[in-house]
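Computed from a predicted model, the values in this text were never measured in an experiment. The analysis underlying the following values was restricted to heavy atoms, covering all of them including side chains, and did not include hydrogens, waters or symmetry mates.
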Amino acid sequence: MQKLIFLNDWFFNEKLLYDSFEPLTNRFDVEISKSSDLLNIGENDIIAGWGSGCLDILEAMNKSDLNNIKILISPYLDYDYFVYNRSDKSGEFEATYRKKTGILEDEYIDPERDVNKNSGRVVYPDKNRWFTNTYVFIGDSDRLVPFKYHLYFAEMYNGCSFHLIENAGFSPFYKSGDFLDILEANTPL
């Protein structure tokens with residue numbers, strides 16, 4: 001059985017991804033985590049990330065030629081810009097973040113979340129690399145990461161396969177039965 005590791009966004013718990021990607025657990029040995037050991041990230045057949053979970057994958061892609069399948073969902077390069085340095089009033093930051101992600105159920109919020117964990121992380125691509133076997137999925141209605149930024153990201157990463165999902169936000173898989181079909185149709189799963 002192939003191994004799939006899924007690196008989660010900093011704000012949400014593993015239940016959200018297990019609930020959303022449950023059909024994949026029948027075909028893959030699935031592990032969901034907040035971060036991965038960068039030295040061993042290439043040992044997985046498939047590595048997937050969502051939001052801040054993509055940062056580990058992007059760093060690993062810069063350091064070595066990863067031959068495995070890489071799936072990035074709503075990635076961004078600068079954690080502080082999108083998460084840490086918010087202009088929201090004290091106490092309103094988390095409510096604003098939840099609203100922009102579109103996931104309002106308390107059951108999916110990680111009680112041990114740490115906004116400071118990724119503080120200062122910025123990952124820009126090595127311009128000399130060609131990023132093969134990399135599939136990027138973005139929503140056209142993402143309220144957390146603007147569409148122009150997604151286009152900027154696409155311009156920087158040579159060789160990636162980009163997929164725009166209509167009427168989807170930061171969490172295109174959330175409450176969407178179509179996302180797994182789109183994922184399977186556009187990646188070698």
Side-chain angles (χ1 to χ4, degrees), residues 6-12 16-17 19-21 34 46-62 69-89 92-105 108-109 113 115 118-127 129-189:
F6 207 125
L7 303 178
N8 200 359
D9 187 62
W10 73 275
F11 194 79
F12 298 95
L16 173 62
L17 295 180
D19 287 354
S20 299
F21 294 96
K34 288 284 185 182
I46 303 164
I47 50 176
W50 169 48
S52 64
C54 295
L55 292 169
D56 283 343
I57 299 169
L58 295 170
E59 282 182 7
M61 287 168 52
N62 273 345
I69 296 168
K70 296 160 292 294
I71 299 170
L72 306 172
I73 302 169
S74 302
Y76 50 81
L77 306 170
D78 186 335
Y79 179 82
D80 289 357
Y81 183 76
F82 286 103
V83 178
Y84 191 68
N85 290 327
R86 298 305 237 177
S87 59
D88 299 318
K89 295 177 185 172
E92 293 180 9
F93 161 72
E94 289 192 357
T96 301
Y97 190 84
R98 285 176 75 173
K99 186 177 179 182
K100 286 184 177 183
T101 65
I103 301 171
L104 304 177
E105 289 88 346
Y108 293 132
I109 305 304
R113 63 192 174 276
V115 70
N118 290 306
S119 178
R121 284 186 82 182
V122 179
V123 181
Y124 287 102
D126 179 344
K127 292 289 187 187
R129 284 196 183 275
W130 193 259
F131 300 99
T132 59
N133 296 324
T134 305
Y135 304 87
V136 181
F137 294 87
I138 59 173
D140 66 351
S141 301
D142 191 336
R143 295 184 346 197
L144 185 66
V145 182
F147 185 70
K148 284 184 179 181
Y149 185 87
H150 286 306
L151 293 176
Y152 172 69
F153 184 97
E155 289 176 1
M156 295 178 72
Y157 278 85
N158 298 317
C160 291
S161 175
F162 285 87
H163 305 275
L164 178 67
I165 301 172
E166 294 180 10
N167 302 315
F170 179 70
S171 321
F173 51 83
Y174 177 67
K175 291 188 176 178
S176 171
D178 296 349
F179 184 76
L180 282 177
D181 294 336
I182 293 168
L183 184 69
E184 291 180 340
N186 292 288
T187 62
L189 287 181

**Request:** Would you check if the distance from the ring center of Y76 to the ring center of Y81 is below 6.0 Å?
**Result:** no
Any heavy-atom pair between the side chains of [Y] and [X] that's under 4.5 Å?
X: V145; Y: I138; value: no
X: M61; Y: K70; value: yes
X: I47; Y: I71; value: no
X: V83; Y: W10; value: yes
X: F131; Y: N62; value: yes
X: P172; Y: I73; value: yes
X: P188; Y: Y135; value: yes

Atom pair [atom1]/[atom2] of [X] and [Y] - distance to nearest 0.5 Å:
X: F21; Y: L16; atom1: CZ; atom2: CG; answer: 8.5 Å
X: E59; Y: C54; atom1: CD; atom2: SG; answer: 12.0 Å
X: S141; Y: L164; atom1: OG; atom2: CG; answer: 8.5 Å

**Item:** Non-neighbouring partners of H150 that pass ring-ring contact (aromatic ring centres under 6.0 Å, His included), sequence neighbours left out
**Value:** none
**Fill in**
Residue set satisfying ring-ring contact (aromatic ring centres under 6.0 Å, His included) with Y152, at least two apart, ordered chain then number -> Y149
Using side-chain hydrogen bond (donor to acceptor under 3.5 Å, both in side chains) as the criterion, list what pairs up with [X], not counting sequence neighbours.
X: T132; result: none
X: S52; result: D9
X: K175; result: E105

**Complete:** Sorted by chain and residue number, the side-chain contact (heavy atoms from CB on, under 4.5 Å) partners of T101 (sequence neighbours excluded) come out as F12, Y97, I103, L144, F170, S171
**Prompt:** Among side-chain atoms of Y108 and D19, is any donor-acceptor pair under 3.5 angstrom?
**Reply:** yes
**Item:** cation_pi(R121, Y79) dist<6.0 Å, angle<=45
**Value:** no
**Prompt:** Is any NZ, NE, NH1 or NH2 atom of the basic residue among K34 and D56 found under 4.0 Å from an Asp or Glu carboxylate oxygen of the other?
**Reply:** no
**Asked** Any idea how H163 and F137 line up, ring-wise: parallel (<30°), tilted (30 to 60°), or perpendicular (>60°)?
**Response** parallel
